[in-house]
Amino acid sequence: MARYNARESETRWQAAWAARDIFAAGRNPDRPKSYVLEMFPYPSGRIHMGHVRNYTMGDVLARFRRAQGYDVLHPMGWDAFGLPAENAAREKGVNPRDWTYANIEAMRGELKAMGLAIDWSREFATCDPGYYAQQQKLFLDFYRAGLVYRAEADVNWDPVDGTVLANEQVIEGRGWRSGALVERRKLAQWFFRITDYSDELLAALDHLERWPEKVRLMQKNWIGRSEGLEFGFDLSNGGRVDVFSTRPDTLFGASFIALSPDHPLTEQLAARDPGLAEFVAECRRLGTAEEAIETAEKLGYDTHLAATHPLDSNWKLPVYVANFVLMAYGTGAIFGCPAHDQRDLEFARKYGLPVLPVVIPEGADPKEFRVGAEAYAGPGRLANSRFLDGLDVAAAKDEVRRRLEAAGRGRAVVQYRLRDWLVSRQRYWGCPIPMIHCAECGIRPVPESQLPVLLPEDARFDLPGNPLDHHPTWKHVTCPCCGKLALRDTDTLDTFVDSSWYFVRFCNTAAPMPVDAEAACRWLPVDQYIGGIEHAILHLLYARFFTRGLKRLGYVDIGEPFAGLFTQGMVCHETYRDRLGQWLLPEEVEKVDGIARRRGTDEAVEIGPSEKMSKSKKNVIAPETIIDIYGADTIRWFMLSDTPPERDIEWTEAGAEGCWRFVQRVYRLVTESEVTPGAAMPDEVSGPALELRRASHRAISSVTEDLEALRFNRAVARIYELANAISAAPQEVPASVRCEALETLVKLIGPMMPHLAESCWEALGHTSLIAEEPWPVADPDLVRADMITIAVQVDGKRRGEIAIARGAEEETVKASALALDGVVRALAGKAPRRIIVVPERIVNIVT
RNA sequence: GCGGGCGUGGCGAAAUGGUAGACGCAACGGACUUAAAAUCCGUAGGGCCGAAAGGCCUGUGCCGGUUCAAGUCCGGCCGCCCGCACCA
């Protein structure tokens with residue numbers, strides 16, 4: 001029996017593709033283009049199953065498009081800057097650069113073993129000086145265009161590691177590595193002015209039709225647009241405080257003013273009020289951890305200031321500092337209307353403040369309506385509000401706005417939750433920010449002639465803090481303006497900057513400027529982007545912003561970077577624990593008759609639920625191991641089979657074996673069939689031969705449709721059906737028909753199991769590469785059968801089926817349906833009242 | 001709390017309002033084999049009747065509705081998952 005040798009075949013075909021360089025993009029400028037991209041990996045050292053799933057999907061699409069006649073760009077690169085390299089340097093004494101490039105080397109080998117149809121000539125790493133040099137140029141362009149600025153900001157400062165931490169790296173108020181309590185520090189930092197595009201980033205979401213609804217929604221919420229009124233209250237100390245409200249209609253229900261603990265006025269007051277200073281300190285200790293917020297009591301501190309109601313100068317409101325008011329949103333101060341805001345209600349109840357309903361639900365009596373434990377946030381008519389009484393909410397909002405605007409005390413504003421993007425990082429392994437700080441001239445960009453600002457290779461990692469900052473010489477430069485001694489900016493850019501334009505650079509990785517306009521025009525936007533949902537906001541929003549910046553600068557002429565987005569599910573596996581509750585690796589466990597034991601012992605192992613593969617739970621399978629055992633095509637087939645691509649998939653040994661068996665089965669089908677390549681198809685085929693031809697063309701039709709829609713699991717099922725039809729075809733089927741079926745099968749598996757397909761194609765007598773063969777086209781006459789089987793129902797219950805010619809007369813259909821035994825029995829002599837015939841679908845006889 | 005998604009055999013899942021469970025995994029029976037592996041053939045939602053052929057009932061989380069016809073559409077529950085969350 002012929003055995004398929006995956007290892008030998010895969011090496012051989014990978015070499016054959018490389019020798020002919022068939023995956024190079026841009027070789028067919030006359031063809032339509034297709035840019036297929038998967039989110040590039042961080043070079044951690046090894047590829048994992050998530051990568052395999054992601055890159056398999058992208059590869060199938062890239063190969064499918066190529067076969068369909070597109071000029072395909074399908075590149076690969078490395079998101080290579082970032083903290084892990086620096087940590088490795090601190091912990092193991094290696095150079096971050098050496099560590100990173102060694103990882104890239106290892107991972108490139110693993111990716112190549114997957115047989116990906118990638119144009120490797122375009123490969124780059126974001127830590128290549130050739131890339132980050134261009135990024136520095138872009139940073140300066142953005143700076144000159146007003147899209148970059150420097151400002152003081154509160155940041156998470158880890159006093160032990162001496163660096164700023166991202167929010168995600170602060171766990172319960174402590175640095176994730178050092179365990180030290182994180183401090184809030186005000187530091188001067190660089191920002192990208194993403195909020196310039198708040199409205200546009202929001203509005204354009206509606207046109208991203210090939211993006212998952214979920215991602216668009218998440219971005220929408222993140223941008224968080226709300227319309228309201230900003231207006232001021234005069235204070236008894238002669239000052240004034242501005243508030244923002246989306247409910248100015250409830251202004252006559254106001255009971256108090258609340259300032260954020262971080263409000264400038266709070267700071268000013270705290271300087272002379274130790275009680276307030278203590279209160280502010282306590283608020284900061286509580287922190288912003290989600291759990292703390294959820295359970296924290298509404299706390300306030302009475303400043304004993306009085307605020308004058310803007311619509312009634314005799315009305316005074318108490319001014320509190322409250323722990324629930326965020327400086328980051330609106331103006332950092334609110335007016336509290338307890339009757340119509342749950343949070344304000346809780347606060348009012350605690351401090352004995354009035355709760356006056358001013359919006360009365362339709363049908364309720366304004367005199368009777370009371371607010372209990374729940375604030376009323378619904379629609380209604382205004383009451384207890386003087387000239388607003390009787391108006392609905394919208395009209396009341398308008399009226400308050402009109403009056404406050406007329407009085408010069410307020411204005412309609414649109415608030416966004418989105419904040420500018422802080423890109424400074426006090427770290428070594430990133431793109432240096434090309435700025436110079438001069439005592440005389442201030443902050444000056446590094447002149448372009450002096451770009452790139454390269455990272456020093458002799459940094460030390462044995463000290464806490466930023467290695468660039470305590471490098472003995474690197475930061476000392478002369479000012480480009482006055483020539484006096486000055487200092488480099490020692491911060492590096494957030495690595496999300498690197499990934500915000502890498503897909504643009506792929507269009508021409510050798511361009512002496514950041515973007516080769518002609519190449520960008522040819523390839524952009526990315527037609528299909530594939531990656532994990534975890535980037536739904538950060539990376540995908542930053543890239544959308546960056547594209548707009550690039551457009552403003554004239555580098556690109558597209559509105560959106562990614563025309564199509566697909567977010568794939570995670571790869572999961574069962575978890576295992578020993579008697580002591582310690583996690584076990586899958587290879588430490590063996591299962592006999594469904595009972596799990598520690599391999600080589602009789603120690604019972606507890607099988608836990610299937611969860612995302614993670615090092616901490618040890619439920620990981622190394623792709624390399626699977627490729628070694630079964631080959632790349634098996635692992636690729638697994639990733640595409642059974643589970644819809646957007647859902648989580650569970651890796652199982654049995655499933656992998658099943659895939660491997662199918663690989664062997666296809667190979668056997670091809671090599672054990674007697675086929676005569678090129679034999680002429682008989683003019684007339686009928687019976688089983690016709691059925692097989694139909695099966696082939698149906699498969700072409702449905703697999704094509706499924707791949708277009710990225711429904712890989714359905715495409716796989718259709719391919720199984722074809723394989724089953726070929727197996728089941730009787731001897732008498734002519735070799736030409738069998739050959740057509742086999743060639744179809746091989747072409748259809750081509751994008752999914754490319755090595756197996758090449759071997760089979762060769763076995764069928766071809767000397768060409770299937771990777772260069774066009775995608776098959778279905779004959780519509782063969783896709784639609786002449787004879788069809790339709791179900792016959794009586795009163796909606798299935799009672800039989802009839803085989804009938806397609807396009808048969810309705811009367812004929814009715815007659816055959818009524819003649820069925822089952823129908824006669826079910827009717828039991830009753831006359832049908834109505835017979836519904838849906839052509840080619842169903843007959844329903846209603847009594 | 002707000003927003004979104006999902007709920008179908010032992011499991012992963014299919015199903016333009018039109019034969020529910022395609023296809024795969026696991027399972028079971030058989031063939032081949034000294035034996036095993038591999039392979040091939042067959043069975044299979046649940047229940048009942050029948051020697052069999054076959055027939056009947058029931059079935060897509062629960063309750064109701066629309067329709068000749070509902071896994072699919074509408075209303076109301078229940079459960080699970082994800083995202084956001086003191087956003088004024």
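Bear in mind that the values here come from a model prediction, so they are computed numbers and not experimental data. Residue numbers begin at 1 in each chain, while the letters A, B, ... track the order of the sequences.
Nucleotide B/rU67 holds its P atom 11 Å from the CZ atom of A/Arg834, rounded to whole Å. A straight line from CD of A/Gln793 to P of B/rC68 spans 13 Å, rounded to a whole angstrom. Whole-Å rounding puts the A/Leu217 CG to B/rC81 P distance at 21 Å. For the pair A/Trp660 CH2 and B/rA37 P, the computed distance is 14 Å after rounding to whole Å. If you take CG of A/Leu722 and P of B/rA22, they are 18 Å apart, rounded to a whole angstrom. One atom, CZ of A/Phe324, and another, P of B/rA88, lie 13 Å apart when rounded to the nearest Å. To the nearest angstrom, C1' of B/rG12 lies 13 Å from CD of A/Glu646. Computed from coordinates, the A/Arg225 CZ to B/rG3 P distance equals 19 Å when rounded to whole Å.
Side-chain nitrogen and oxygen atoms of A/Asn724 include at least one within less than 4.0 Å of the OP1 or OP2 phosphate oxygen of B/rG24. An OP1 or OP2 oxygen of B/rC87 is reached within less than 4.0 angstrom by no side-chain nitrogen or oxygen of A/Arg417. For B/rC25, one of the phosphate oxygens OP1 or OP2 lies less than 4.0 angstrom from a side-chain nitrogen or oxygen of A/Arg661. Put simply, A/Arg841 has no side-chain N or O that comes within less than 4.0 Å of OP1 or OP2 on B/rA69. For A/Tyr720, no side-chain nitrogen or oxygen approaches OP1 or OP2 of B/rG24 to under 4.0 Å. Side-chain N/O atoms of A/Arg665 include none lying less than 4.0 angstrom from OP1 or OP2 on B/rA38. For A/Asn713 and B/rG12, the shortest distance from a side-chain N or O to OP1 or OP2 is not below 4.0 Å.
Across the P atoms, B/rG4 and B/rG18 are found 26 Å apart, a figure rounded to whole Å. Rounded to the nearest Å, the gap between the P atom of B/rU58 and that of B/rU43 is 26 Å. B/rC62 and B/rA70 are spaced 16 Å apart, taking the C1' atom of each and rounding to whole Å. B/rG10 and B/rU16: their C1' atoms are spaced 31 Å apart (whole Å). When the C1' atom is used for both B/rU66 and B/rC56, the distance is 29 Å, rounded to whole Å. Taking the C1' atom of each, B/rC11 and B/rU72 are spaced 23 Å apart, rounded to whole Å. Across B/rA51 and B/rG9, the matching P atoms stand 32 Å from one another, rounded to whole Å. B/rA85 and B/rU67 have their C1' atoms separated by 42 Å, with the value rounded to a whole Å.
Between A/His309 and A/Phe233, the two ring planes are perpendicular [angle over 60°; tilted spans 30° to 60°].
The line from CD1 of A/Ile804 to CD of A/Glu840 is 11.0 Å long, rounded to the nearest 0.5 Å.
In this entry the base of B/rG45 is anti relative to its sugar, with a glycosidic angle more than 90° from 0.
Side-chain contact between A/Ile626 and A/Trp651: present, with at least one pair of heavy atoms (C-beta onward) separated by less than 4.5 Å.
Side-chain atoms of A/Ser673 and A/Arg668 include no donor-acceptor pair closer than 3.5 Å. Using modelled atom types and a 3.5 Å distance limit, the side chains of A/Gln219 and A/Arg544 yield a donor-acceptor pair. Side-chain N/O atoms of A/Tyr329 and A/Ser226 include a donor and acceptor closer than 3.5 Å. Defined by atom type and a distance below 3.5 Å, a donor-acceptor pair is missing between the side-chain atoms of A/Asn323 and A/Tyr301.
Remark: the backbone N or O of A/Val846 is not paired with any side-chain donor or acceptor of A/Arg833 at under 3.5 angstrom. Judged by distance alone, the side chain of A/Ser701 and the main-chain N or O of A/Ala778 form no donor-acceptor pair under 3.5 Å. Checking side-chain atoms of A/Asn844 against main-chain N and O of A/Ile835 turns up no donor-acceptor pair under 3.5 Å.
Taking only side-chain atoms of A/Asn221, from C-beta outward, the nucleotide of B/rA88, B/rG18, B/rG3 with the closest atom is B/rG3. Listed candidates were B/rU19, B/rC87, B/rA14. Nearest to the side chain of A/Ile842 is B/rU19. Considering only side-chain atoms of A/Pro644, the nucleotide from B/rA14, B/rG18, B/rC86 that sits closest is B/rA14. Taking the side chain of A/Arg668 as heavy atoms from C-beta on, and the options B/rC86, B/rU39, B/rA88, the nearest nucleotide is B/rU39. In this structure, the nucleotide among B/rG18, B/rG12, B/rG83 sitting nearest to the side chain of A/Asp642 is B/rG12. Taking every side-chain heavy atom of A/Ala717 into account, B/rA22 is the closest of B/rA88, B/rA22, B/rG83.
The base of B/rA22 lies close enough to the side chain of A/Arg718 for a donor and an acceptor atom to sit less than 3.5 Å apart. Taking only distance into account, the side chain of A/Arg343 meets the base of B/rA88 through a donor-acceptor pair shorter than 3.5 Å.
Contacts of A/Gly224 with the nucleic acid, taken as non-hydrogen atoms under 4.0 Å apart, are absent. Among the atoms of the strands shown, base atoms are found under 4.0 Å from some heavy atom of A/Ile836. When heavy atoms are screened at a 4.0 angstrom cut-off, A/Thr643 is found touching the sugar-phosphate backbone but no base atom. Contact annotation for A/Asp341: no contact, since no heavy-atom pair falls under 4.0 Å across all strands. The residue A/Ser727 sits apart from the nucleic acid: no heavy atom pair falls under 4.0 Å. Base contact: A/Val325 has a heavy atom under 4.0 Å from a base atom. Across all strands, A/Val838 comes closer than 4.0 Å to base atoms (heavy-atom distances).
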Next on the checklist: I need a per-nucleotide contact map over nucleotides 42-57 of chain B, read 5' to 3'. Cutoff is protein heavy atoms under 4.0 Å; write B for the base, S for backbone only, - otherwise.
Outcome noted: -------------SSS

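If you look at A/Phe256 and A/Phe335, their ring centroids are not closer than 6.0 Å.
Of the two residues contacting RNA chain B, namely A/Met218 and A/Glu801, the nearest-nucleotide position lying further toward the 5' end is that of A/Glu801. Along RNA chain B, the nucleotide nearest to A/Gly800 and the one nearest to A/Asp344 differ in position, and the one closer to the 5' end is contacted by A/Gly800.
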Item to check | Secondary structure of RNA chain B in dot-bracket form (Watson-Crick or G-U wobble, distances below 3.5 Å, | marking inter-strand pairs) | outcome: (((((((..(((.....[....))).(((((.......))))).(((((....)))))..(((((..]....))))))))))))....

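Within the structure, ring pair (Phe, Tyr, Trp, His ring centres under 6.0 Å) contacts touching residues 711-730 of chain A (residues at least two apart or in different chains) are A/Trp637-A/Tyr720, A/Phe662-A/Tyr720.
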Next on the checklist: Let's go through A/Met49 and A/Met639 carefully: what are the C-alpha distance in whole Å and the side-chain angles of both, what is the deciding distance for side-chain contact (heavy atoms from CB on, under 4.5 Å) to 0.1 Å, and is it a yes or a no?
Outcome noted: CA-CA 9 Å; A/Met49 285 294 188; A/Met639 288 303 175; 3.5 Å; yes

Checklist entry - Do A/Thr847 and A/Asp795 pass the side chain to side chain donor-acceptor pair (under 3.5 Å) test, and can you show the C-alpha distance, the side-chain angles, and the key distance before you say yes or no? => result CA-CA 7 Å; A/Thr847 61; A/Asp795 291 330; 2.8 Å; yes

